[in-house]
Amino acid sequence: MAESQKLLLRVYIAPDIAHKMTLSTRPSTVEELITVIKEKFRPRLDFDFNLQYEDPDFGGQLCFLTDISELPEKAVLKVHRSETDAGSASTSDTEILPYAPERLQSWPDVFPVPQFSYDVEHSLNGGNMAYQNSGKFLKLTKGQKHDILENMAKAMHSFKAYPSDKEVAKAAEALISKHPCLTEPGSQCGWYGWKTSLKFKMGNFRTKLSRSGCEEVAVNSGKRSKNNPESESPHSNIKRARRAEVNYLPNFPKGESAESLEQQRLQIVEEVSKTERSLGLIERLMQSTFALRRKQIVVDNPSQAVKEFLEKWPALRLESQIAAEFHRITNISLKNKFYAELDNHTPRLIAVYRQKAARTGKAAEALRSICSAYDLTDHYDINNRRTVALRALPVYFREDDSVFFKMWNVGFYTSQLNFNVNYLIMLMKFSNAFQTEELDEPDIADSAVALVSMVNGESSSTSV
């Protein structure tokens with residue numbers, strides 16, 4: 001059968017970057033192949049894309065892959081970035097423009113103990129062997145302890161500038177787990193003293209960074225001290241990452257200033273206002289001005305509403321830039337994270353809907369209608385499961401969804417852009433931030449958050 005064929009692929013994830021892939025079995029759908037490729041090259045492909053392949057029937061010319069059976073056993077694939085915003089036709093080649101943040105990930109579940117200097121590592125190796133054989137603890141010199149604390153502080157700062165008490169404890173525990181010879185005799189946990197030392201070392205390390213001009217910690221300097229007795233308390237209103245922010249307040253890019261970044265901001269405003277905008281240029285400018293936006297939000301603490309902020313940064317009205325900005329701050333793919341959590345809760349949600357539908361009342365009747373429609377679809381299609389999970393949620397809570405759910409008759413426009421009307425999408429727009437007079441965009445200008453049902457005028461298929 002065709003589904004059992006082995007595939008040998010050369011995948012171009014960028015114009016000059018190709019990787020070889022071997023799949024033991026042929027995926028059943030194009031969407032499944034895209035998922036496999038996305039997982040293989042994560043996080044470089046944390047965006048929506050289609051696939052093109054060199055069609056042997058047309059002399060190796062690139063064609064969009066719409067049917068998995070058309071793919072040869074040996075094929076060359078090219079990642080083609082999907083853009084749902086107007087002006088996407090102006091960018092034909094895939095542009096992978098990774099943001100180069102100061103941090104690449106949030107605090108890990110298991111803290112990675114760094115490598116220390118050669119003499120310290122040599123002493124620790126000998127100390128661990130002695131501890132294993134006789135239970136003897138290693139006595140460090142002042143210089144050796146300083147080296148350990150300094151390197152641990154650097155490693156901790158690479159994840160977070162202001163780690164919590166629990167996170168510092170995890171780091172101290174990881175240090176003792178890797179080097180048991182450093183266990184503190186008489187301590188119940190064996191690392192409490194190390195935790196205290198690491199907290200003080202992190203404070204000293206932040207002071208050094210503040211003096212060197214690191215914005216993330218310098219923003220909290222200049223508070224009450226002996227020379228500034230009237231200033232704000234040093235422990236009040238500390239600006240630091242409190243949730244999932246990985247890049248909270250980065251420095252300006254090298255060679256850039258507030259004035260030069262402001263000029264780039266004006267260039268973004270001009271580009272977004274064009275009918276045929278260059279999404280590649282907008283993304284590059286949004287990446288380079290990321291530090292300016294964070295400064296305006298964190299340091300300047302603007303009092304204006306979101307609407308006024310979006311007038312300064314109109315690119316944040318684009319769906320692609322909402323996801324990109326989320327990724328710049330958290331280094332997490334917004335859509336992937338949303339869909340992963342949704343898929344995790346969907347089976348339980350559907351079970352709850354069916355339980356409610358078995359009762360009496362208007363809400364139960366509406367849920368029965370939704371569940372009946374769902375029973376007529378393919379339950380193995382993940383998009384159908386996502387659709388019913390989202391569509392029935394406000395009905396279950398008896399909330400008005402007239403503003404939240406929108407219908408969009410895509411008709412001929414969909415077929416022209418090769419959209420799959422069975423693919424689940426979520427378009428998130430800020431209130432009054434999306435204005436359009438064209439027929440090829442859904443009317444969600446008055447919605448803070450909207451879930452758009454795409455209806456193909458030429459068929460009865462829909463997606464949400």
Side-chain angles (χ1 to χ4, degrees), residues 1-15 17-42 44-84 88-89 91-94 96 333 335-336 339-340 342-343 346 374-388 410-425 453-464:
M1 296 178 62
E3 288 75 14
S4 62
Q5 291 178 351
K6 180 179 180 181
L7 289 181
L8 181 61
L9 306 175
R10 181 189 295 273
V11 183
Y12 281 86
I13 64 174
I17 303 177
H19 293 273
K20 186 177 179 180
M21 282 186 64
T22 302
L23 302 181
S24 57
T25 58
R26 177 185 292 265
S28 57
T29 63
V30 176
E31 289 75 16
E32 184 179 343
L33 177 59
I34 290 176
T35 301
V36 171
I37 294 176
K38 183 176 290 188
E39 292 294 331
K40 174 72 174 179
F41 302 108
R42 187 185 302 273
R44 299 198 64 180
L45 295 182
D46 271 345
F47 53 80
D48 292 335
F49 61 86
N50 299 317
L51 290 175
Q52 292 178 318
Y53 73 104
E54 294 184 358
D55 193 337
D57 296 334
F58 293 91
Q61 293 186 11
L62 288 173
C63 299
F64 279 101
L65 182 63
T66 57
D67 188 345
I68 195 66
S69 63
E70 297 175 351
L71 191 65
E73 293 184 28
K74 292 184 179 180
V76 176
L77 295 175
K78 180 179 180 182
V79 171
H80 184 276
R81 187 163 194 161
S82 302
E83 295 289 355
T84 58
S88 60
T91 53
S92 58
D93 291 332
T94 300
I96 296 182
S333 172
K335 287 187 177 181
N336 290 352
Y339 287 137
L342 177 62
D343 295 341
T346 293
Y374 171 64
D375 290 338
L376 299 176
T377 64
D378 181 8
H379 290 191
Y380 291 99
D381 189 338
I382 192 172
N383 295 322
N384 292 334
R385 298 199 300 271
R386 290 169 174 173
T387 300
V388 70
V410 291
F412 180 74
Y413 177 71
T414 298
S415 62
Q416 287 295 301
L417 292 186
N418 295 318
F419 284 148
N420 184 349
V421 295
N422 293 316
Y423 186 74
L424 183 69
I425 62 168
S453 295
M454 298 171 58
V455 182
N456 190 343
E458 300 175 354
S459 67
S460 60
S461 59
T462 63
S463 66
V464 178

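All residue numbers in this chain count up from 1 along the given sequence.
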Undergrad: Of all residues at least two apart in sequence or in a different chain, which pass the side-chain hydrogen bond (donor to acceptor under 3.5 Å, both in side chains) check with Asp378?
TA: none
Undergrad: Ile68 and Glu32: side-chain contact (heavy atoms from CB on, under 4.5 Å), yes or no, with the steps?
TA: CA-CA 9 Å; Ile68 195 66; Glu32 184 179 343; over 6 Å; no
Undergrad: Which heavy atom of Leu8 sits nearest to which heavy atom of Thr22, and what is that distance?
TA: CD1-OG1, 3.4 Å
Undergrad: Look up atom CD1 in Ile34 and atom CG in Leu65, then write down how far apart they are to the nearest 0.5 Å.
TA: 7.5 Å
Undergrad: Answer whether the closest heavy-atom distance between the side chains of Glu31 and Ile382 falls below 4.5 Å.
TA: no
Undergrad: Do you know which two heavy atoms are closest between Arg26 and Leu7, and how far apart they sit?
TA: NH2-CD2, 3.5 Å
Undergrad: So, taking the atom named CG in Leu23 and the one named CG in Leu33, what distance separates them when rounded to the nearest 0.5 Å?
TA: 6.5 Å
Undergrad: When you look at Leu71 and Leu77, which way does the side-chain contact (heavy atoms from CB on, under 4.5 Å) test go after all the steps?
TA: CA-CA 9 Å; Leu71 191 65; Leu77 295 175; 3.7 Å; yes
Undergrad: Work out which heavy atom in Phe64 is nearest to a heavy atom in Tyr53; give both atom names and the distance.
TA: O-CE2, 3.9 Å
Undergrad: So which atom in Thr346 and which in Leu342 form the shortest heavy-atom distance, rounded to 0.1 Å?
TA: OG1-O, 2.6 Å
Undergrad: Counting N and O atoms only, with roles assigned by atom type, does the side chain of Arg385 sit under 3.5 Å from a partner on the main chain of His379, one being a donor and the other an acceptor?
TA: yes
Undergrad: Going by heavy atoms in the side chains, are Phe49 and Ile37 under 4.5 Å from each other?
TA: yes
Undergrad: How many angstroms lie between CG in Asn50 and NZ in Lys78, if you round to the nearest 0.5 Å?
TA: 12.5 Å
Undergrad: In Å, rounded to the nearest 0.5 Å, how long is the span from OG1 of Thr29 to CG of Asp381?
TA: 9.0 Å
